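Here the structure is a predicted model, which means the values were calculated and not measured. All heavy atoms count here, side chains included; hydrogens, waters and symmetry mates do not.
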Amino acid sequence: MAHDSSSLIAIIVIGLVLAFVLGAIAHRLKISPLVGYLLAGVVVGPFTPGFVANQELAAQLAEIGVILLMFGVGLHFSLADILSVRRIVFPGATVQIVVSTLLGTIVARLMGWSWGVDVVFGLCFSVASTVVVMRTMQERRLIDSERGRIAIGWLVFQDLLTVIVLVLLPPLSGLLKGEAGAVDLGALALALGLTLAKVVGFIAVMLVIGRRVIPAILHYIVHTGSRELFRLAVLSVALGVAFLAAELFGVSFALGAFFAGMVLSESQLSQQAAEESLPLRDAFAVLFFVSVGMLFDPAVLVREPLSLIGMLLVVMVGGAGTAVLMIRAFGSPLGTALLVGAGLAQIGEFSFILADLGIGLGLLPPSGRDLVLATSILSILANPILLAAIDRLRPWIDRRDGKLAPPDADIEAMREELRMTGLQGHAVLVGFGRVGSLVGDALRQRGWPLLVIEDSVETVKRVRAAGTETIFGNAAEDRVLAAANLAAARILLVAIPNGFEACEIVKHARALNPGLEIVARAHFDAEVDQLVQFGADIVIMGEREIARTMIEYVRDLSVDGAPREAQRAGVPPQP
Ligand code: AMP
């Protein structure tokens, strides 16, 4: 059977393979693989000779990538996280969108369209691509940091505003086209009210019903013990909620998926859910970049170079600069402001959607779309370069931030100072939370030379204040584990709840010291097996130990009697 360009399989196979090859080459040349993925798109796109993939299908595949990505982000996020940055994000993003739109309008003005057209065009340059920012934050493990929260909050806010703009454009199109009296205020108010009601309705449904039902379904499935079913359940939740959000509530796929993840984030299954959706997410995110690349018509570089430069300046200097200033104005350190600003210095999927709608309504000439696409691809291409430039400036930024003693610079400084321990014959304890702190105290009392590895700043400060040597960082990172001098250690105790990371740590540790005694913590039978496979000598499963203590307690209890004081005293101390 021959596969023509319109077949789904041709796109997936050729898209992924080309992205892989060009991504690997980009990596080899020490540039971001993103560039490779985008170029793969240009190669299979309609503007270059040879194979031409079906754009419609590519865009839909990309959408799945967006959904899984936002779902994954939601899994790391709680409502409290978003609200914690609202003071910066709400006013900041509003001002940034207004400024970007204004600047975009001014540049469009120079091209001599009507002012209504200019505004719609300007709007296309005010919202960043979620996928690009998320990739940056994930690559740098910043999702859980202050910077990550500001960037994600900013995107969620932009996303919400875009949804509103998308709904308001059709009733406003008459006015924007300059047809006097064409605007129907009633219709406008109705459209706005309806949209807001739908968005609020969707959020309410997710928080009230979704929050209970979704974790309950996953808990039920996890007890069937079938990994396959669990994976399927996770995908069903992510894709299903996103689809419903779009179909029933008119909310974007991205926002729907984000909320699906967020209602799961409080459940203890969130970590597992994230792991299960990871491989698919990465594959589809790559297809997103391929599909963006496909839209690029290199001819626009020659046709309209000046407009293009103007729009690039709007996005990369105007919009991003406003974001930096706003974040600074609200008291965040320069490092945070620059990083978030650089992340936002590009446009993507929302701009395409806005441009398409504008063209559909007759507000934008089709040539406007080419400019939006070209600006998008060039700004996405420039993004890794911008971030690398900021990394170069880091010593200078840190020095400036150092004077202000910002919270994030503190963390960076602690990360930097990673030094090889001088301990020998020591116990290495990973994690100093509910489990680790008890273990650590016991080890200290028995006079063990103890080294703690922790990735929570507060905990590190506390443990250090108590006089115990502590390495700050994620023990799953090679360089962190290397600083613990495992080759000379007696025993490694992995006391963290995340089985996936625990496996990584055990695997590395075993490679570093084949004779080391390794004790690990687990919560599921499957984790126990895996940890043993990776080289743990003893794996203690929390749930089994809890059960054992409970059984012990009831065993000594007479059926009709009250608990005896002696047994009460046997309850392990609470940390
Ligand atoms: P708990 O579940 O209360 O015992 O807490 C686990 C502790 O381990 C927390 O203090 C975390 O900050 C810490 N932790 C979790 N993962 C890691 C890791 N990969 N490396 C270092 N510390 C970790």
Side-chain angles (χ1 to χ4, degrees), residues 64 67-82 143-144 202-245 248-249 251 253 255-281 431 433-435 494-504 520-533 539-551 553-554 574-575:
I64 298 183
I67 291 175
L68 293 178
L69 223 109
M70 286 305 279
F71 178 70
V73 175
L75 282 174
H76 286 280
F77 240 73
S78 67
L79 204 56
D81 285 330
I82 296 222
I143 300 258
D144 295 322
F202 170 71
I203 295 177
V205 167
M206 285 311 283
L207 292 185
V208 176
I209 303 178
R211 205 182 205 164
R212 300 204 172 98
V213 174
I214 295 175
I217 296 175
L218 289 189
H219 275 278
Y220 170 77
I221 294 298
V222 95
H223 288 295
T224 63
S226 162
R227 194 187 179 99
E228 187 174 280
L229 270 184
F230 184 73
R231 212 170 256 178
L232 209 51
V234 170
L235 275 182
S236 305
V237 167
L239 298 175
V241 172
F243 194 71
L244 275 185
L248 292 184
F249 295 94
V251 178
F253 280 134
L255 207 62
F258 176 77
F259 270 94
M262 212 167 80
V263 298
L264 255 181
S265 69
E266 289 155 30
S267 148
Q268 10 143 330
L269 288 173
S270 66
Q271 192 59 44
Q272 256 178 305
E275 280 161 36
E276 296 304 336
S277 57
L278 207 69
L280 266 182
R281 184 195 74 191
R434 291 161 303 172
V435 175
V494 184
I496 58 171
N498 177 343
F500 181 69
E501 284 192 336
C503 283
E504 284 289 292
R521 160 185 176 187
H523 292 279
F524 300 96
D525 288 327
E527 274 173 10
V528 177
D529 298 341
Q530 256 175 344
L531 284 162
V532 170
Q533 220 178 353
V539 181
I540 311 210
M541 177 168 134
E543 280 64 15
R544 259 187 230 156
E545 294 309 307
I546 296 170
R548 209 170 56 161
T549 314
M550 283 189 177
I551 294 167
Y553 180 76
V554 278
Q574 295 294 316

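Closest of all the heavy-atom pairs between Pro215 and Gly210 is CD-O, 3.4 Å. Considering every non-hydrogen atom in both Val435 and Ala495, the closest pair reads CG1-CB, 3.9 Å. Across all their heavy atoms, Leu218 and Ala233 have their closest contact at CD2-CB, 3.4 Å. Contact between Ala245 and Gly256 at its shortest, heavy atoms only, is CB-CA, 3.7 Å. When all heavy atoms of Ala273 and Leu75 are compared, the closest pair comes out as C-CD1, 4.0 Å. The nearest pair of heavy atoms linking Val234 to Ser277 is CG1-CB, 4.1 Å.
For Glu527 and Arg521, the salt-bridge test fails: no basic side-chain N is under 4.0 Å from an acidic carboxylate O. Ion pairing of Arg548 with Glu545 is present here, as a side-chain N (NZ or NE/NH1/NH2) and a carboxylate O approach within less than 4.0 Å.
Expressed to the nearest 0.5 Å, how far CG of Leu229 lies from OH of Tyr220 amounts to 9.0 Å. Here the CD1-CZ distance, from Ile221 to Arg227, works out to 15.0 Å after rounding to the nearest 0.5 Å. Going from atom OG1 of Thr224 over to atom CZ of Phe230 covers 9.5 Å, rounded to the nearest 0.5 Å. With rounding to the nearest 0.5 Å, the separation of CD in Glu276 from CD in Glu228 is 11.0 Å. For the atom pair Arg212 CZ and Leu207 CG, the distance stands at 10.0 Å (nearest 0.5 Å).
Judged by distance alone, with hydrogens and angles left aside, the side-chain atoms of Arg544 form no donor-acceptor pair with the main-chain N or O of Ile540 at under 3.5 Å.
Under the 4.5 Å side-chain criterion, counting only non-hydrogen atoms from C-beta, Ile67 is not in contact with Phe243. Annotation: side chain of Ile217 is not in contact with side chain of Val237 (no heavy-atom distance under 4.5 Å). With contacts defined as side-chain heavy-atom distances shorter than 4.5 Å, the pair Leu255/Phe202 does not qualify.
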Show your reasoning for whether side chain to side chain contact (heavy atoms under 4.5 Å, CB included) applies to Leu244 and Phe249.
CA-CA 7 Å; Leu244 275 185; Phe249 295 94; 5.6 Å; no
Given side chain to side chain contact (heavy atoms under 4.5 Å, CB included), test Ile214 with Val241 step by step and report yes or no.
CA-CA 10 Å; Ile214 295 175; Val241 172; 4.1 Å; yes
Could you check Leu68 against Leu235 for side chain to side chain contact (heavy atoms under 4.5 Å, CB included), going step by step and ending with a plain yes or no?
CA-CA 8 Å; Leu68 293 178; Leu235 275 182; 3.8 Å; yes
